[in-house]
Novice: 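The structure under discussion is supplied below as structure tokens; questions concerning it will follow.
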Amino acid sequence: MTSIEGTVLEINFRNDENGWTVMSLDFDGMLTTAVGCMPHIHEGEFVRLFGAWGEHRVYGQQFVVKSVETRLPNTDESIRMFLSSGLVKGVGEAIAGRIVDKFGQDTFDIIENSPELLAEINGISARLSQSIAESFSEHIGIKQIVIDLQNLGLSIKQAFRAFDRYGSAAATLIGENPYRMIDDIVGIGFERADRIAGNMGVEKTSEFRIDTGIQHELKIAMNDGHTCLPRGEVVRKASGRLGIEQELVQMRITSLTQSGRIVQKLINDTPAVFHIEAHIAEADVARRLYMLAKDTPRIKIKNANDAYERFIGNEHLSEEQERAVLSALNGQVEVITGGPGTGKTTIIKAIISIFEMSGVETVLCAPTGRAAKRIEQSTGREARTIHRLLEYGRGSDEDEFIGYARFMRDEENPLEAEAVIVDEASMIDVFLMRSLLRALCGGTRLIIVGDADQLPSVGPGNVLRDIIKSGAFTVSNLTKFYRQKEGGNIVENAHRVNRGEQPEFYLTGDFIFIPKQQPEQVLDYIKMLLTDELNERYDILEDTQILCPVKKGILGVHNINVQIRELLNPWLASKSEVKVGDTTFRQGDKVMQTKNNYSMEWYYSDESHFSASGIGVFNGDLGRIVNLDTDAKQAVIRFDGNKDATYEFKELEQIEHAYAVTVHKSQGSEFPVVILPLFAGAGRFLSRNLLYTALTRAMEKVIIIGQKKTVEYMVNNNRIKGRYTTLDHEIIELEDVLGAL
């Protein structure tokens with residue numbers, strides 16, 4: 001690594017969001033350009049830069065900075081430049097010149113130790129002199145903290161993030177526990193934290209390090225959808241990541257288990273290790289479901305068969321639909337599962353109607369806003385997201401949790417409804433299911449509706465499948481499907497795929513296959529569709545969605561988003577832009593929230609001037625950037641067509657472009673048109689249930705572009721990537737223990 005040093009002459013450009021700086025400095029008498037993350041550098045400072053020379057195609061030779069050492073200016077001119085750079089509040093060029101004229105190279109000593117002497121200068125009051133001293137002291141303090149953090153091994157950007165998170169105690173807190181940064185600071189993973197710990201002298205075999213590594217593996221497992229891992233797998237992964245003997249990991253797992261910091265249980269004769277939060281959630285869901293199923297309905301339907309006969313009138317249900325409705329009327333916890341077109345919505349409508357006739361107050365909900373809106377439109381009944389149903393928000397002044405966002409509905413404040421119907425249940429993770437069950441009174445009917453063959457939830461758990469697998473609850477499995485319309489092929493082909501049969505390919509209609517032999521040809525054809533054929537019939541950004549098996553590669557989410565954004569939302573002088581990290585966001589961009597933000601406030605209004613507000617934007621929510629205010633450093637993103645949320649620019653790290661999304665992220669949503677680029681090379685991601693899930697997202701048209709052999713491979717590849725979950729085991733265990741009492 002090369003180093004250069006000199007006085008900073010001018011800050012040519014700085015991105016306040018990520019600290020990216022372009023500056024000019026005097027290096028050995030030559031005007032030199034340096035670029036890099038340097039948010040704390042100001043004009044007049046003497047700097048030593050570490051990095052390498054590079055050649056910009058437009059601006060020529062530049063020094064690309066990796067790290068920086070600084071010292072305060074020591075000449076009259078550089079001191080004047082430093083003070084007038086805008087760093088010290090209340091000091092411009094004129095006042096900076098007067099200060100240096102009077103105190104020269106003693107200026108900084110005067111500001112730090114005798115600021116009252118500044119008031120002797122024309123234009124500086126006693127109040128301003130104190131303000132100058134405080135502003136200078138704050139800058140020096142922050143600079144020293146950042147230097148201390150860099151000495152620990154953090155990059156400049158990470159050091160400032162650490163300062164934002166921990167304040168003036170950052171170096172102390174990180175020194176006590178460098179691994180805390182994994183959860184607290186964006187961009188710090190276990191490897192970086194572990195390197196910092198090593199620099200600080202933490203031994204490889206330290207119990208603290210091994211314990212953190214084990215916990216980290218369990219958190220990774222949760223991020224991958226598991227609620228536990230076989231003990232042997234935890235040992236293997238942790239020892240490999242930590243570079244230590246497996247016996248040491250074995251000993252620490254035993255110790256962590258004995259202290260209650262993790263949980264170990266024997267599952268089918270195999271010891272499984274749980275992150276304690278996942279185990280508590282899964283065990284609690286099992287207990288609450290079991291107890292709810294054994295309870296007596298709050299309002300009984302005296303004669304369900306008679307109620308059904310009164311409802312049916314001119315309606316016509318198949319035998320299996322009728323059995324599902326009657327089972328739900330007579331039961332406590334019911335599961336209705338089936339693929340697209342099997343009549344799940346018809347059954348929901350029938351159940352709600354009969355409950356209404358019988359005086360059973362019923363609420364309808366779904367995991368996402370799009371799923372709730374779709375079932376609301378299909379049934380003609382109000383539907384809410386689970387978060388909205390449980391009144392996610394902040395406590396009142398009297399609430400002990402004031403200031404904390406949480407579900408207001410729980411055991412202490414349960415839902416009044418006598419029946420709750422949950423649609424798209426395959427999307428519900430174990431934590432959300434627990435929150436829902438906590439808000440149900442004893443005797444509340446719970447009807448769980450979903451497609452068990454869909455991809456599982458983004459969050460940990462396999463709730464719907466495990467509930468069915470436990471065998472403890474009545475399950476209505478719908479197998480007969482009804483065509484969408486005469487000549488419709490989407491539903492039929494989806495069921496063919498689910499049965500392991502090859503779909504029927506067409507060149508026109510609602511299920512189209514376009515053969516292409518090169519990834520570039522696939523991408524070119526997508527562009528043609530969006531700007532020509534589909535553009536004549538659909539609102540491209542609202543009605544069409546590109547679904548990809550993977551994120552990387554020519555046909556991955558990342559590249560397609562770049563290509564399609566420039567096609568559908570090109571740069572114009574009238575459109576604001578902001579760069580956050582490596583991503584440039586533009587007004588009008590189609591975007592997706594990538595993680596649950598429980599504290600994000602939103603508001604909406606409609607044509608009747610009805611307005612509402614709430615908090616919470618969640619992983620997978622789709623929206624559009626409707627405004628970018630570069631002065632206020634805020635972006636407004638509109639979700640679900642009318643729900644606006646205001647993001648600080650730094651919060652846009654939670655957002656990514658969504659012209660294309662992964663199939664997994666599309667769950668719970670339906671789109672008039674789905675475009676599915678399929679090409680060999682995605683390996684284990686090319687599975688039957690991924691293809692099935694993608695097909696079932698389409699309402700009017702599916703367009704598959706790529707290689708026929710890839711489609712055939714996916715249909716034949718039924719090796720679903722399993723999840724380690726134990727909800728079914730917990731339910732069966734309860735049945736064995738409590739059923740024997």
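Fair warning: this is a prediction, and the values are worked out from it, not measured in the lab.
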Novice: Salt bridge or not for D589 and R565, using N-O below 4.0 Å?
Specialist: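 R565 and D589: salt-bridged.
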Novice: Does any N or O in the side chain of K590 come within less than 3.5 Å of the main-chain N or O of E542, such that one atom is a donor and the other an acceptor?
Specialist: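 It does not hold such a pair.
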Novice: So, the side chain of R697 versus the backbone of T693: is there a donor-acceptor pair under 3.5 Å, distance only?
Specialist: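 Yes; at least one donor-acceptor contact below 3.5 Å.
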Novice: Before accepting this row, confirm whether a basic side-chain N of the pair R638/D644 lies closer than 4.0 Å to the acidic partner's carboxylate O.
Specialist: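 Salt bridge present between R638 and D644.
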Novice: Less than 4.0 angstrom from a charged side-chain N to a carboxylate O is my criterion; do E653 and R161 meet it?
Specialist: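 Salt bridge between E653 and R161, a charged N being under 4.0 Å from a carboxylate O: yes.
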Novice: Below 4.0 angstrom, N of the basic side chain to O of the carboxylate: do E566 and R586 qualify?
Specialist: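 Yes, E566 and R586 are salt-bridged.
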Novice: Regarding K650 and E648, does a basic nitrogen lie under 4.0 Å from an acidic carboxylate oxygen?
Specialist: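 Salt bridge flag = no for E648 with K650.
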Novice: Does the D621 side chain pair with the main chain of F618, one donor and one acceptor, at a distance under 3.5 Å?
Specialist: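 Indeed, once roles are kept as given, a pair shorter than 3.5 Å links the two residues.
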Novice: Within a strict 4.5 Å, meaning less than it, do heavy atoms of the Y724 and D224 side chains meet?
Specialist: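 No. Closest side-chain heavy atoms not under 4.5 Å.
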Novice: Can you tell whether the side chains of R381 and E356 come within less than 4.0 Å, N to carboxylate O?
Specialist: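 Yes, this pair counts.
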Novice: What salt bridge (Lys or Arg N to Asp or Glu O under 4.0 Å) pairs are there with at least one residue in residues 520-529, not counting sequence neighbours?
Specialist: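 Not a single pair qualifies under salt bridge (Lys or Arg N to Asp or Glu O under 4.0 Å).
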Novice: I'd like to know if R384 pairs up with E376 as an ion pair, taking the criterion as any Lys NZ or Arg NE/NH1/NH2 lying under 4.0 Å from an Asp or Glu carboxylate oxygen.
Specialist: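 No salt bridge links R384 with E376.
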Novice: Examine distances only and state if a side-chain atom of N597 and a backbone atom of V617 form a donor-acceptor pair shorter than 3.5 Å.
Specialist: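 No.
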Novice: For the backbone of A680 and the side chain of Q707, can you confirm whether one donor and one acceptor N or O come within less than 3.5 Å of each other?
Specialist: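 Yes; at least one donor-acceptor contact below 3.5 Å.
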Novice: Look at E670 together with R374 and state whether they make a salt bridge at an N to O cut-off of under 4.0 Å.
Specialist: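 Salt bridge between E670 and R374, a charged N being under 4.0 Å from a carboxylate O: yes.
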Novice: So, R496 and N493: side-chain donor and acceptor under 3.5 Å apart, yes or no?
Specialist: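 Side chains of R496 and N493: pair found under 3.5 Å.
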Novice: Between N717 and L686, is there a donor-acceptor pair closer than 3.5 Å when you use the side chain of the first and the backbone of the second?
Specialist: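 A pair under 3.5 Å: yes.
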Novice: Consider side-chain contact (heavy atoms from CB on, under 4.5 Å). Of I625, I637, T583, which one does L652 pass it with?
Specialist: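 Of the listed residues I625, I637, T583, the side-chain contact (heavy atoms from CB on, under 4.5 Å) partner of L652 is I637.
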Novice: Would you list the pairs meeting ring pair (Phe, Tyr, Trp, His ring centres under 6.0 Å) in which at least one residue belongs to residues 509-554, sequence neighbours left out?
Specialist: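 Checked against ring pair (Phe, Tyr, Trp, His ring centres under 6.0 Å) - neighbours excluded - the pairs reaching residues 509-554 are F505-F513.
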Novice: Are the side chain of Q521 and the backbone of Q518 linked by a donor-acceptor contact shorter than 3.5 Å?
Specialist: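 At least one qualifying donor-acceptor pair exists.
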Novice: Report the relative orientation of the aromatic rings in H387 and F407; use parallel for angles under 30°, tilted for 30 to 60°, perpendicular for over 60°.
Specialist: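 The rings of H387 and F407 sit tilted, inter-plane angle from 30° to 60°.
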Novice: Can we say E320 and K480 salt-bridge, meaning some charged N sits less than 4.0 Å from an Asp/Glu carboxylate O?
Specialist: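 Between K480 and E320 there is no salt bridge, as every charged N stays at least 4.0 Å from the carboxylate O atoms.
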Novice: Given side chains that start at C-beta, do those of H495 and T342 come closer than 4.5 Å, heavy atoms only?
Specialist: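 Side-chain contact under 4.5 Å: yes.
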